[in-house]
Number of protein chains: 2
Amino acid sequence: MTTVLIADDQPLQRFGFRMLLESQDDMTVLDEAANGTEAVRKAAELRPDVVLMDVRMPGLDGIEATRRITASGDRTRVLILTTFDLDEYAYAGLRAGASGFLVKDAQPEDLLSGIRAVAFGDAVVAPALTRRLLDAYVHHLPVGGSASSSMPSPPDPRLAALTDREREILTVIGKGWTNTEIAARLHLAESTVKTHVGRVLAKTGSRDRVQAVICAYETGLVQP
Amino acid sequence: MTTVLIADDQPLQRFGFRMLLESQDDMTVLDEAANGTEAVRKAAELRPDVVLMDVRMPGLDGIEATRRITASGDRTRVLILTTFDLDEYAYAGLRAGASGFLVKDAQPEDLLSGIRAVAFGDAVVAPALTRRLLDAYVHHLPVGGSASSSMPSPPDPRLAALTDREREILTVIGKGWTNTEIAARLHLAESTVKTHVGRVLAKTGSRDRVQAVICAYETGLVQP
DNA sequence: GGGGCCGTGGTACCCGGGTACTACCGTGGC
DNA sequence: GCCACGGTAGTACCCGGGTACCACGGCCCC
């Protein structure tokens, strides 16, 4: 029996998922959550096998909720559902510890089999997302492998979603500049800097600027 | 027949271990202990082959209990179980005379084979901890001897003033841990963490933890 | 015994960082 | 024309980070 927690801010969406899952005799919906905070709390309390996690939710979003759930040490797996197959936050979700991604318009059978696979410990990725996932994986392989060695610095997938400006912001974050310093030296308002920083954190899957700095080093955007 | 004493402050955890061990026909659980004092007393009284020892317990903790048990001269072996893979007490446990340590989220079969190995006189270390253990071991080797060329990074002057504990704190800062996470995973009060962090910042000349992360990368304390 | 150093812990306070939400304006594409 | 997107900017709010203290026990060393 696979136990599931449904986290989605749309009641109708939750209802649909619940109906689908309850129709299966090997699945039980333990509870529902309408935002990330609720999802984290109920996941810790109920220890479901799988959390069906929507990305976009008010308050704590699905990515951060995933990070906290997977960081808790529980066996609970998180299966993220994205609305669009090119969701820029997909990679952030993976880094947050999710066991898979599916798009919301997938076939019901695919969703069900995906939940079973994740509960079993496997990972699932929607076909539309598989390619970029492969790219990310290949990039992290040891260098010796294939013809890709001719590329000096293949763009890290974490940086792929960043705009030029955001990449610039990440660079100076990696230099240790504060928001105030960034604003002054780049002739911007501090509120603008905060907006950029917020987007950089979201797209790179960083919880705060400290993790963004680490990301900057790991991707080679800045170097020791 | 391997006789085991289970020492853990959480009843549910003890129950789980007992169920697992009793399901094996070559193991017997002699008794359980809810704290370190009880563990020492019952170990001396029952002379089990193996004590399954939790690190974190009220009163006398698992490390000190291990020290007393192994110092008693009995042939009882101690197998330490840690919750977090970077538990600093794991090393302390080895120094205290433990025959090994495993992480609590290990596979049941691994735990069983670990107990058998320890009872046989061998030592076991969780794979996730092996690397760190090796690093720690190498780090504590005397400097004078061999191949100094294998040391690519002579100690950076910024790190020279740091105590071992502070260097450890800087390392986990470099991994992006928040003060709260450091406190939880190292079993410290958050105020203590703040004290350490403050001293690290002062000694490394960092304005905030972001610059401390950069310092950690530049000195090679952590690497991309 | 006294005096450091180290690790641990506490309280109180302030500020920067991060989030949620909204808004306006170019530019480029359909 | 309209729309999507990127860059800019603002407000309001909460929380974690950092600081300034102080305190205590264990050590080691003179």
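Chain A is the first sequence line, chain B the second, and so forth, proteins listed ahead of strands; every chain is numbered from 1. What's counted below: heavy atoms across the whole structure, side chains too, no hydrogens, waters or symmetry copies.
The environment of A:Arg185 atom CZ is dense: over 12 non-hydrogen atoms of other residues, nucleotides or ligands sit within 6.0 angstrom. The number of heavy atoms from other shown groups lying within 6.0 Å of CZ (B:Arg47) does not exceed 12.
Going from atom CD of A:Glu32 over to atom CD of A:Glu38 covers 9.5 Å, rounded to the nearest 0.5 Å.
A salt bridge links A:Arg68 with A:Glu64: at least one charged nitrogen is closer than 4.0 Å to a carboxylate oxygen. Here A:Arg207 pairs with B:Glu181 in a salt bridge; the nearest charged N to carboxylate O distance falls below 4.0 Å.
The list of ring-ring contact (aromatic ring centres under 6.0 Å, His included) pairs with a residue in residues 170-202 of chain A, not counting sequence neighbours, is empty. Applying the salt bridge (charged side-chain N to carboxylate O under 4.0 Å, His left out) rule to pairs touching residues 161-171 of chain A yields A:Asp164-A:Arg167, A:Arg165-A:Glu168, A:Glu166-A:Arg199, A:Glu166-A:Lys203, sequence neighbours excluded. Among residues at least two apart or in separate chains, ring-ring contact (aromatic ring centres under 6.0 Å, His included) pairs with a member in residues 203-224 of chain A are A:Tyr217-B:Tyr217.
For the OP1/OP2 pair of C:dG18 and a distance below 4.0 Å, the side-chain nitrogens and oxygens of A:Arg209 include at least one atom meeting the criterion.
In this entry the distance linking CZ of A:Arg207 with C1' of C:dG17 reads 14 Å, nearest Å. The separation between B:Ile182 atom CD1 and C:dG9 atom C1' is 16 Å, rounded to whole Å. Rounded to an integer number of Å, the gap from CG of A:Asn35 to C1' of C:dA20 is 13 Å. Distance, A:Arg68 CZ to C:dG18 C1': 12 Å, rounded to whole Å.
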Summarise how protein sits on nucleotides 4-16 of chain D as a single string, 5' to 3': B when a protein heavy atom is under 4.0 Å from the base, S for sugar-phosphate-only contact, - for no contact.
--SBBBBB-----

Listed pairs, N/O of protein and of nucleotides 28-30 of chain D, under 3.5 Å:
none

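For the helix from C:dG1-D:dC30 to C:dC30-D:dG1, the end axes, each set by the C1' atoms of five terminal pairs, are bent relative to each other by 40° (nearest 10°).
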